[in-house]
Amino acid sequence: MKLHSESPTNDTLLAEDRELASALERYQSARIGGQPLSLEALIAERPHLGERLRACVASLQAVEHIAGPFRPEQSEHPTPRELGDFRLLREVGRGGMGVVYEAEQLSLGRRVALKVLPFAAMMDPRHLQRFQNEARAAASLEHPHIVPVYGVGCERGVHYYAMKFVDGQTLGQVIARLGSSGSAEPTTPYTTPPGETAAVAKAVTQQQPRDSAYFRQVAEWGIAAAEALEHAHSLGIVHRDIKPGNLMLDVQGKLWVTDFGLARTGSDSGLTMTGDVLGTLRYMSPEQALAKHGLVDHRTDVYALGATLYELLTLRPAVPGEDREEILRKITFDDPKNPRSLDRAIPLDLETIVLKALAKEPNERYLSAR
């Protein structure tokens, strides 16, 4: 089955990008699991990716040298770690292209979430420039449900951007706590260990079957996210990575859309981010997963929000699957099960809304997030 309509040259590049991402994920997992994988052994398996693997691993090591182990108990006076105007306090999340730290912005004395991109070497210089442009565009977004982007920079070869730090947890964590089958990502943009909000606590302690109050809460989260996306879309910014891990609840129970730093602006529709690995595959729209770049617009965010709401309603992913090819096939050809076939308590109107948002063809979805 041919999954891409790009030219052979682009197909080859996309395949290499995915292979690179897979190799880096394996390298990271081995290190985290206490069984470090030799870079040379990794390169020996994929000699055609040798130069890119070396660059990515070198960048990752630079980040970890700056950040340190973040184990204060190992030293009575731990050395402060700084990246530009920011002092890194602790790691709070990993996933996709970035590692997120709680940090202090030294010049203003404020707490921020700092997302660094150790794998920026996956991008060529043109894509890095685009990333910087997009982060600056995202910084222009002002909406009560969008996490503000404060700035973007590069220090010692490490690219990063700073966001408002939000105390709370992601909807991905809510789903996991409610009994998700493991589809929610284990890594999230950022979290805080203490205390839960009343809204989150209520959601995660809801008795089965979940009642109308829970489904009303899901609808309210969906409304807040849709309003935030509509604001971004009106300014020509498409998020492209909406998923439960990028929607947060703060300590007051307010929903925030985060990670606009990897968004796409309307002016760069002809460019392809390396391998299109930025969006999490399970929540990608068919046109995004199939690299139909001319069709990736605001309706991709509508689809991804639909997939997120589907999972909140059913506690199952709209697109199940265990590997990339299986998920791609299901995104392309299989319709999700009707939510009410999984839980009759789900309101019919909510099922109708979610399934329309999940239509395979962009023109069959809602015309706007509004």
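Being a predicted model, the structure only gives us computed values, none of them experimental. Numbering of residues begins at 1 and proceeds along the displayed sequence. What you see below is based on every heavy atom in this structure, not just the backbone, and it leaves out hydrogens, waters and symmetry mates.
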Mind running side-chain hydrogen bond (donor to acceptor under 3.5 Å, both in side chains) on D259 and Y161 for me, showing each step along the way? CA-CA 10 Å; D259 244 359; Y161 65 91; 2.5 Å; yes
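- Judged purely by atom type and a 3.5 angstrom limit, N338 has no side-chain atom pairing as donor or acceptor with the backbone of E351.
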Apply side-chain contact (heavy atoms from CB on, under 4.5 Å) to M248 and V147, showing your working. CA-CA 9 Å; M248 294 199 66; V147 173; 5.7 Å; no
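- Ring-plane geometry between Y160 and F86 is classed as perpendicular, the angle between the planes exceeding 60 degrees on a 0 to 90 degree scale with a lower cut at 30.
- When atom types are taken as modelled, the side chain of S341 and the backbone of K337 share no donor-acceptor pair closer than 3.5 angstrom.
- Connection of L355 to L313 is not established within any shared hydrophobic cluster, with ILVMFWY side chains joined at heavy-atom distances below 4.5 Å, either directly or through further cluster members.
- Salt bridge status for R299 with E361: absent, with no side-chain N to carboxylate O gap under 4.0 Å.
- Paired with L114 under the rule side-chain contact (heavy atoms from CB on, under 4.5 Å), one option of L88, V100, V99, D85 passes, and it is L88.
- With respect to the salt-bridge test (charged N to carboxylate O, under 4.0 angstrom), the residues D167 and R111 qualify.
- Salt-bridge formation is not detected for the pair D301/R240: no Lys NZ or Arg NE/NH1/NH2 atom is positioned less than 4.0 Å from an Asp or Glu carboxylate oxygen.
- Of the residues listed (L312, L171, V174), the one engaging L247 in a side-chain contact (heavy atoms from CB on, under 4.5 Å) is L171, and it is the only one.
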Show your working on side-chain hydrogen bond (donor to acceptor under 3.5 Å, both in side chains) between Y303 and E287 and close with a plain yes or no. CA-CA 10 Å; Y303 178 96; E287 64 273 19; over 6 Å; no
Is there a side-chain contact (heavy atoms from CB on, under 4.5 Å) between E311 and R316 once you walk through the steps? CA-CA 5 Å; E311 196 164 339; R316 302 184 186 185; 6.0 Å; no
